[in-house]
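Chain letters run A, B, ... following the sequence lines, proteins first, then strands; residues in each count from 1.
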Amino acid sequence: EDKVVQSPLSLVVHEGDTVTLNCSYEVTNFRSLLWYKQEKKAPTFLFMLTSSGIEKKSGRLSSILDKKELFSILNITATQTGDSAIYLCAVVRGGSTLGRLYFGRGTQLTVWP
Amino acid sequence: GAVVSQHPSWVICKSGTSVKIECRSLDFQATTMFWYRQFPKQSLMLMATSNEGSKATYEQGVEKDKFLINHASLTLSTLTVTSAHPEDSSFYICSARGGPGTDTQYFGPGTRLTVL
């Protein structure tokens, strides 16, 4: 059975801290992995990763994929209260379910001032 | 770019009525759109995959006669909740694939449905 597991499920930090969110997966016919940030409404896209070892970066956020060990991490440096959100990891499979996202349960990040 | 809109953003209706939710890709053509449902403190649950010009593919356990999906154009998909009941109250979110060759899905802002 396909699985996408995120850890930790919740995390509380202070502004300025650096956090690492984890996403491991067991999915047949893996194609890509995506990270989203969800605040009060719908998820907003952060990164899409398809190749191992290539870091994607956007401001204080970065992410990398390890296709051998089947996981990805999302790093946030110098956290701010505006980073408080649920971070979702999702995997796309190839084949007949092409395009469908398989979501993890998410990591609830809370950043205190 | 890659903006997806949903309308309405929230709706309250009486039990037994039908509600239509629209999902539009504003600046790109989306051959595939997806409809999700989300309960409080839970992750998104895929309801159906909608391909332009063809019938939607529903996930197991989702009633296709209750949740009617139409994807008549490359920029518009609609979800109609027929004969809504209080247990249909939820947050409904659509997403659109950013075109062939990309796996990225862009999400609409969601529609909060409350059935009284």
Participant: Quick check: closest heavy atoms across A/Ala42 and B/Phe107, and the distance to 0.1 Å?
Facilitator: CB-CB, 4.0 Å
Participant: Following the transitive rule for hydrophobic clusters with a side-chain heavy-atom cut-off under 4.5 Å over Ile, Leu, Val, Met, Phe, Trp and Tyr, establish whether A/Phe45 and B/Trp35 coincide in one cluster.
Facilitator: no
Participant: Under a single-linkage definition using a 4.5 Å side-chain heavy-atom cutoff for Ile, Leu, Val, Met, Phe, Trp and Tyr, are A/Val91 and B/Met45 assigned to the same hydrophobic cluster?
Facilitator: no
Participant: Is any side-chain heavy atom of B/Leu46 closer than 4.5 Å to one of A/Phe103?
Facilitator: no
Participant: Quick one: pull up OH in A/Tyr36 and OG in B/Ser95 and give me the separation to the nearest 0.5 Å.
Facilitator: 7.0 Å
Participant: For a 4.5 angstrom cut-off between non-hydrogen side-chain atoms, does B/Leu44 reach A/Leu88?
Facilitator: yes
Participant: Of the backbone (N, CA, C, O) and the side chain (C-beta and beyond), which part of A/Phe47 lies under 4.5 Å from a heavy atom of chain B, both, or neither?
Facilitator: neither
Participant: Do A/Arg100 and B/Glu59 make a side-chain contact, defined as non-hydrogen atoms from C-beta onward lying under 4.5 Å apart?
Facilitator: yes
Participant: Are side-chain heavy atoms of B/Gln38 and A/Gln38 found at a separation under 4.5 Å?
Facilitator: yes
Participant: Assess whether atom NZ of A/Lys41 is packed by more than 12 heavy atoms of other residues, nucleotides or ligands within 6.0 Å.
Facilitator: no
Participant: When rounded to the nearest 0.5 angstrom, what distance separates OH in B/Tyr36 from CG in A/Leu101?
Facilitator: 4.0 Å
Participant: Does atom NZ of B/Lys66 have more than 12 heavy-atom neighbours from other groups under 6.0 Å away?
Facilitator: yes
Participant: Check whether any side-chain heavy atom of B/Ser43 lies under 4.5 Å from a side-chain heavy atom of A/Ile86, and answer yes or no.
Facilitator: no
Participant: In this structure, are over 12 heavy atoms from other groups packed under 6.0 Å from A/Lys3 atom NZ?
Facilitator: no
Participant: Are B/Leu76 and B/Ile21 connected into the same hydrophobic cluster when the rule is that any two of I, L, V, M, F, W, Y join if their side-chain heavy atoms are below 4.5 Å apart?
Facilitator: no
Participant: How about A/Leu34 and B/Gln105: do any of their side-chain heavy atoms sit closer than 4.5 Å?
Facilitator: no
Participant: Under a single-linkage definition using a 4.5 Å side-chain heavy-atom cutoff for Ile, Leu, Val, Met, Phe, Trp and Tyr, are B/Ile69 and B/Val11 assigned to the same hydrophobic cluster?
Facilitator: yes
